[in-house]
2 protein chains.
Amino acid sequence: MEKMDEGVRSRSRGGRRAERPQQRDPERTRASILAAATREFAENGIGGARVDAIAERAGTNKRMLYHYFGDKEQLYLAVLEEAYVDIRTAEKSVNLSGLAPEQGIAELARFTWRYFLQHPEFLSLLGTENLHRARWLRQSTRLKELHSHFIGELSDLLERGKAKGLFRTDIDPLNVYLTIAALSCFYISHQYTLSTIFGRDLMEDANIVAWERHIIEATLASIRR
Amino acid sequence: MEKMDEGVRSRSRGGRRAERPQQRDPERTRASILAAATREFAENGIGGARVDAIAERAGTNKRMLYHYFGDKEQLYLAVLEEAYVDIRTAEKSVNLSGLAPEQGIAELARFTWRYFLQHPEFLSLLGTENLHRARWLRQSTRLKELHSHFIGELSDLLERGKAKGLFRTDIDPLNVYLTIAALSCFYISHQYTLSTIFGRDLMEDANIVAWERHIIEATLASIRR
DNA sequence: TCACAAAGTAACCGTTTAGTTACTGGCTTG
DNA sequence: CAAGCCAGTAACTAAACGGTTACTTTGTGA
């Protein structure tokens, strides 16, 4: 995952099938360009990302990048789409319907926090996208149709909680989702300025564990009767 | 505040003193470059910002920009420093020591939310700075010394609240500050992707009012016994 | 088997970009 | 009042950049 530089070429040293080393591999080339672009855009934003740098990181030629993706902006869109597809796919593996209301909310918060923690590049792309007022997200019909199923699951959890008298009756699912997302996203995406200003490393294990507990507690506290 | 294009030049049509139109005005030129740079960096990030665009927006020449600020990066640093000085100055106008603990927390949350709402360029600069892992913030001794006095005021409020038996005793002031900042910052800086995905304009008056109430309620709920 | 399409390379191109040079005009002070 | 410094302008430059052209290599199916 670290060194992409020899990516495509190295296939010749032992491909899937020994009798045909297969020096060419369109899918692999495309995938390695996409992975390299994800890193480059996440690290530098769209204005700071360099097409040459992406090609080099992918271990391929700049020509291939234009061959598979058209231009820099379409490549960025492909990166953004992949990032959204990935999180939506991961979300589907979470099943909240069998859990008690409070446990369900906690599980949803835990998943969101941990996913963001493991995919900082997604948060970075989100930041870039918002800097540009969601220009590419709005442009992409595919992305606009890619809804999170969390809002639905959350509505269900809240209804069950309300019926049991556990939760306040004036709670909006979107508010709960935004609360979880805000507490998770901000802590990670602003870790550098925060750690510098407060002189405390927010990414220390103990602090990470404490903040996870805080997200869950604060979210539940805000919806309990 | 809107049209900077004629900035410096227009001084000749009536300066402070009629007898000396004063075509030159270093301070004004410097200030208009700084204001233009703030907008340009906030809108495009550091990689997307254009030196020529800043000069044009400032209604001056590119040479002046290098004359007053050295180069693009130092100009960015000046913009960042000014933004931090501005918020720290505004914070000082808030006096919480005379308020009851719950009212004090509410006031602090209200101030933070409203300041972010009125200064989205500050949030944008923060995002840019974090994208680059606080490279300029860490570099600037001036900025590292520019602490928020809110943490101190907050500690005091929390102590008083604990003494009265209102608040939990295991509360960390930094956690409370991060909670308020996260709920405020995320909603505003991610408004574009969120509004697009959820098909609801987060910046509608009613939604803004509701979220302010939510920030205050959620923060208080998370610290009450 | 060979023609043709697709995969891949490297050198190139016009434009944009940050930064500079060489200059003009005005303000201040010795 | 002149000398010299500072504010300001416009045209320039070298390098970086996104994107293209012209070409080679490889796999495949008529």
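Naming convention: chains lettered A, B, ... in sequence-line order (proteins, then strands); numbering from 1 in each chain.
- To the nearest angstrom, C1' of dA7(D) lies 13 Å from CD of E27(B).
- Residues forming a salt bridge (Lys or Arg N to Asp or Glu O under 4.0 Å) with R133(B) (at least two apart in sequence, or on another chain): none.
- Atom-to-atom, CD1 of I46(B) to P of dA18(C) comes out at 11 Å; the value is rounded to the nearest Å.
- A salt bridge is defined here as a Lys NZ or Arg NE, NH1 or NH2 lying under 4.0 Å from an Asp or Glu carboxylate O, and E27(A) with R30(A) fails to meet this definition.
- Taking atom CG on D52(B) and atom C1' on dA10(D), their separation rounds to 12 Å, with Å as the unit.
- Relative to the side chain of V51(B), the nucleotides dA18(C), dT9(C), dG18(D) differ in distance, and dA18(C) lies closest.
- Look at CD on E56(A): it is 15 Å from C1' on dT9(C), rounded to the nearest Å.
- Applying the 3.5 Å distance criterion, the base of dA10(C) shares a donor-acceptor pair with the side chain of N61(A).
- When the nucleotides dT9(D), dG8(D), dA22(D) are ranked by their closest atom to the side chain of R63(A), dA22(D) comes out on top.
- Sequence order on DNA chain D of the closest nucleotides to M64(B) and A49(A) puts M64(B) first from the 5' end.
- Picking from dA18(C), dA7(C), dT9(C) the nucleotide with the shortest atom distance to the side chain of P26(A) gives dA7(C).
- With sequence neighbours left out, the salt bridge (Lys or Arg N to Asp or Glu O under 4.0 Å) criterion links D172(A) to R200(B).
- One atom, NZ of K62(A), and another, C1' of dC13(C), lie 10 Å apart when rounded to the nearest Å.
- Between R28(B) atom CZ and dC6(D) atom P the separation is 22 Å, expressed in whole Å.
- Using a cutoff of 4.0 Å between basic side-chain nitrogens and carboxylate oxygens, E129(B) and R138(B) are not scored as salt-bridged.
- Evaluation of the ring-ring contact (aromatic ring centres under 6.0 Å, His included) rule for F186(B) yields H190(B) as partners, not counting sequence neighbours.
- Scored by the salt bridge (Lys or Arg N to Asp or Glu O under 4.0 Å) test, R213(B) finds no partners at all (sequence neighbours excluded).
- Look at CG on N44(A): it is 15 Å from C1' on dA16(D), rounded to the nearest Å.
- In this structure, the ring-ring contact (aromatic ring centres under 6.0 Å, His included) partners of Y76(A), at least two apart in sequence or on a different chain, are F41(A), W136(A).
- Considering only side-chain N and O atoms, R50(A) lies under 4.0 angstrom from the phosphate OP1 or OP2 of dG18(D).
- Distances shorter than 4.0 Å separate none of the side-chain N or O atoms of T60(A) from OP1 or OP2 on dG8(C).
- Near DNA chain D, meaning a heavy atom under 4.0 Å from it, residues 66-76 of chain A has Y66(A), D71(A), K72(A) in order of number.
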